Amino acid sequence: QVQLVESGGRLVQAGGSLRLSCAASGRTFSIYTMAWFRQAPGKEREFVAALHWTGASTDYADSVKGRFTVSRDNPKNTVYLQMNSLKPEDTAVYYCAGKKFGAITADTGPYDYWGQGTQVTVSS
């Protein structure tokens with residue numbers, strides 16, 4: 001069982017930056033493919049970014065490519081989402097998710113573990 005806890009969300013002005021963190025419990029974090037999703041009010045949860053458990057590959061939604069970067073620190077059991085050049089349309093609750101081994105996927109279904117979410121609000 002893995003527990004995920006996100007932090008770092010807050011109110012920020014357009015053009016600003018934030019770094020979200022997702023801390024994982026357990027001793028096998030390094031074998032989890034990790035992802036970030038977000039959900040805006042009235043919208044479905046959507047894929048943002050993912051990092052393969054080997055660290056060899058990443059994937060990003062087109063809407064965040066070039067602005068967001070996903071990374072991980074295995075000794076700290078933490079995955080990060082660095083968000084730059086934020087836009088009002090980035091406003092959402094951001095969730096981290098994990099699944100043991102396996103390929104990166106933008107679908108929510110294959111991810112076994114989810115955090116409770118952290119609110120990011122970007123003002124214009």
Side-chain angles (χ1 to χ4, degrees):
Q1 190 76 8
V2 174
Q3 291 185 323
L4 303 175
V5 179
E6 303 95 336
S7 62
R10 62 176 176 86
L11 173 65
V12 63
Q13 287 189 331
S17 297
L18 278 180
R19 188 177 78 160
L20 304 183
S21 301
C22 173
S25 64
R27 295 177 290 179
T28 58
F29 173 74
S30 63
I31 63 172
Y32 282 80
T33 288
M34 300 298 296
W36 289 93
F37 290 80
R38 67 187 181 186
Q39 189 166 17
K43 295 187 177 181
E44 292 187 353
R45 193 168 297 189
E46 65 174 3
F47 172 75
V48 175
L51 176 59
H52 193 263
W53 68 272
T54 62
S57 62
T58 57
D59 192 22
Y60 295 92
D62 288 342
S63 58
V64 307
K65 280 181 181 176
R67 300 189 298 123
F68 290 11
T69 303
V70 61
S71 62
R72 68 193 299 159
D73 185 336
N74 285 338
K76 293 184 177 180
N77 277 16
T78 301
V79 63
Y80 303 99
L81 185 67
Q82 178 66 44
M83 306 187 295
N84 299 327
S85 302
L86 283 161
K87 303 175 182 180
E89 51 264 44
D90 294 319
T91 295
V93 177
Y94 283 71
Y95 300 89
C96 71
K99 62 188 185 86
K100 190 178 290 187
F101 298 118
I104 288 173
T105 175
D107 295 326
T108 58
Y111 292 93
D112 299 309
Y113 303 102
W114 291 83
Q116 83 291 346
T118 185
Q119 175 71 48
V120 172
T121 303
V122 184
S123 63
S124 58

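Small disclaimer: the values here were computed from a predicted structure and weren't measured.
K100 and D112 get closest at one heavy-atom pair: N-OD2, 4.3 Å. L20 approaches Y94 most closely through the heavy-atom pair CD1-CB, 3.5 Å. Among all heavy-atom pairs drawn from T69 and Y60, the shortest one is CA-OH, 3.3 Å. Minimum heavy-atom separation, V122 to T91: N-OG1, 2.8 Å. The shortest non-hydrogen separation linking A40 to A92 is N-CB, 3.8 Å. The two atoms that bring S71 and L51 nearest to each other are C-CD2, 3.7 Å, heavy atoms only.
With sequence neighbours excluded, no residue satisfies salt bridge (charged side-chain N to carboxylate O under 4.0 Å, His left out) with R19. The salt bridge (charged side-chain N to carboxylate O under 4.0 Å, His left out) check on K65 picks up D62, with sequence neighbours excluded. When the side chain to side chain donor-acceptor pair (under 3.5 Å) test is applied to N84, the partners found at least two apart in sequence or on another chain are S17, Q82.
Counting only heavy atoms from C-beta outward, the side chains of D90 and R38 approach each other to under 4.5 Å. Between T121 and S123 the shortest side-chain heavy-atom distance does not fall below 4.5 Å. Between E6 and W36, some side-chain heavy-atom pair lies under the 4.5 Å cut-off. Put simply, the side chain of R10 reaches to within 4.5 Å of the side chain of L18, judged on heavy atoms. Residues P110 and T105 meet the side-chain proximity criterion, which asks for heavy atoms closer than 4.5 Å. Contact check for V70 versus V79: side-chain heavy atoms found under the 4.5 Å cut-off.
The NZ atom of K99 sits 8.5 Å away from atom CD1 of I104, with the distance rounded to the nearest 0.5 Å. The line from OH of Y32 to NE2 of H52 is 14.5 Å long, rounded to the nearest 0.5 Å. Between the OG1 atom of T78 and the CE atom of M34 there is a distance of 9.5 Å, given to the nearest 0.5 Å. Summarising the geometry, atom NZ belonging to K87 is positioned 14.0 Å from atom OG belonging to S124; distances are rounded to the nearest 0.5 Å.
Aromatic ring centres of F101 and W53 lie closer together than 6.0 Å.
Looking at Q39, its side chain never comes within 3.5 Å of a backbone N or O of E44 through a donor-acceptor pair. Checking side-chain atoms of N77 against main-chain N and O of G26 turns up a donor-acceptor pair under 3.5 Å.
The local environment of CD in Q3 is sparse, with at most 12 non-hydrogen atoms from other residues, nucleotides or ligands closer than 6.0 Å.
For residues 11-117, the set of pairs meeting the disulfide (SG to SG under 2.5 Å) definition, not counting sequence neighbours, comprises C22-C96.
Apart from L11 itself, the hydrophobic cluster it occupies contains nothing, where clustering links Ile, Leu, Val, Met, Phe, Trp and Tyr at side-chain heavy-atom distances under 4.5 Å. The hydrophobic cluster containing F37 also includes F47, V93, Y95, Y111, W114, under a criterion of side-chain heavy atoms closer than 4.5 Å among ILVMFWY residues, counted directly or through chains of members.
A single hydrophobic cluster is not seen to contain both Y80 and M83; linkage of ILVMFWY side chains at heavy-atom distances under 4.5 Å, directly or through other members, places them apart.
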